[in-house]
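Encoded as structure tokens, the structure appears first; notes follow it.
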Amino acid sequence: EAQVTQNPRYLITVTGKKLTVTCSQNMNHEYMSWYRQDPGLGLRQIYYSMNVEVTDKGDVPEGYKVSRKEKRNFPLILESPSPNQTSLYFCASSFNRGVPDTQYFGPGTRLTVL
Amino acid sequence: SQKIEQNSEALNIQEGKTATLTCNYTNYSPAYLQWYRQDPGRGPVFLLLIRENEKEKRKERLKVTFDTTLKQSLFHITASQPADSATYLCALPWGGGNKLTFGTGTQLKVEL
């Protein structure tokens with residue numbers, strides 16, 4: 001089944017404790033992206049990647065890191081999480097290189113930073 | 001960046017009626033526009049994509065229009081059903097087409 005998976009689905013952590021949210025897709029998509037969703041602000045793009053070893057900032061990259069060492073994986077790293085990073089996070093992927101065409105979203109990761 | 005406006009107030013309609021949702025954008029006209037559906041606590045699901053040279057696009061009970069002069073897209077669901085109740089998001093590319101900006105979405109409630 002074609003899908004985007006994220007882990008963990010739920011995470012409660014404390015300020016400053018480094019964490020990684022994994023994202024994997026099995027559709028051989030070149031374009032992958034991370035979003036956060038907050039009430040009243042909607043979905044905002046954090047980082048995106050057009051291919052392996054190619055990443056770039058979205059609208060709200062501060063406090064986040066990403067890497068794209070393999071085509072299928074695009075982990076989101078929070079080196080020192082803070083409470084304002086409490087949010088619902090979505091990973092997405094699409095086929096078209098360099099163009100965020102039809103995006104397939106993962107199920108989401110609900111992160112709480114205390 | 002691109003700014004998108006969607007009606008933040010929920011739209012309540014009766015089953016069987018046509019729901020019409022609006023997406024307005026500022027700044028430059030995008031090469032295409034997308035519509036997604038999102039159910040509570042779940043990831044958005046792609047519905048339709050319409051390109052700048054297309055006035056209208058249809059898929060089953062869904063219809064999307066794209067008016068680059070008005071900088072507006074309309075999303076219609078005909079013969080609406082309670083199962084259509086969800087939040088609908090529009091999205092536009094920007095930053096050379098590599099980035100995607102989403103509207104905050106409009107919640108649709110279809111009542112029996």
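A, B, ... follow the sequence lines: proteins, then strands. Residue 1 opens every chain. Being a predicted model, the structure only gives us computed values, none of them experimental.
Between B:Phe102 atom CZ and A:Tyr35 atom OH the span is 4.5 Å, to the nearest 0.5 Å. Rounding to the nearest 0.5 Å places OG1 of A:Thr102 at 6.0 Å from CG of B:Leu49.
A:Leu41 touches chain B through its backbone: at least one of N, CA, C or O sits under 4.5 Å from a heavy atom, while the side chain does not. Residue contact with chain A, scored on non-hydrogen atoms closer than 4.5 Å, involves the side chain of B:Leu89 exclusively.
Around atom CZ of B:Arg42, no more than 12 heavy atoms belonging to other residues, nucleotides or ligands sit under 6.0 Å away. For A:Lys57, the NZ atom sits in a loose shell: 12 or fewer heavy atoms of surrounding residues, nucleotides or ligands are nearer than 6.0 Å. Within a 6.0 Å sphere centred on CZ of A:Arg110, heavy atoms belonging to other residues, nucleotides or ligands number 12 at most. Heavy-atom contacts from other residues, nucleotides or ligands closer than 6.0 Å to CD of B:Glu9 number 12 or fewer.
The side-chain heavy atoms of A:Ser33 and B:Leu100, taken from C-beta on, include no pair separated by under 4.5 Å.
Side chains of B:Gln38 and A:Gln37: a donor on one and an acceptor on the other come within 3.5 Å.
In terms of heavy atoms, B:Phe46 sits closest to A:Gln103 at CB-O, 4.0 Å. In plain terms, the two heavy atoms of B:Gly43 and A:Phe90 that are nearest each other are CA-CE2, 3.2 Å. The two residues A:Tyr48 and B:Lys99 have their closest heavy-atom pair at CE2-CG, 3.5 Å. Nearest heavy-atom pair across B:Pro44 and A:Leu43 is CG-CD1, 3.6 Å.
A continuous path of hydrophobic side-chain contacts links B:Leu92 to B:Phe75 [ILVMFWY only; heavy atoms under 4.5 Å]. Transitive grouping of hydrophobic side chains (ILVMFWY, heavy atoms separated by less than 4.5 Å) brings B:Val64 and B:Tyr88 into a common cluster. There is a path of hydrophobic side-chain contacts, each under 4.5 Å, that joins A:Leu19 to A:Tyr64.
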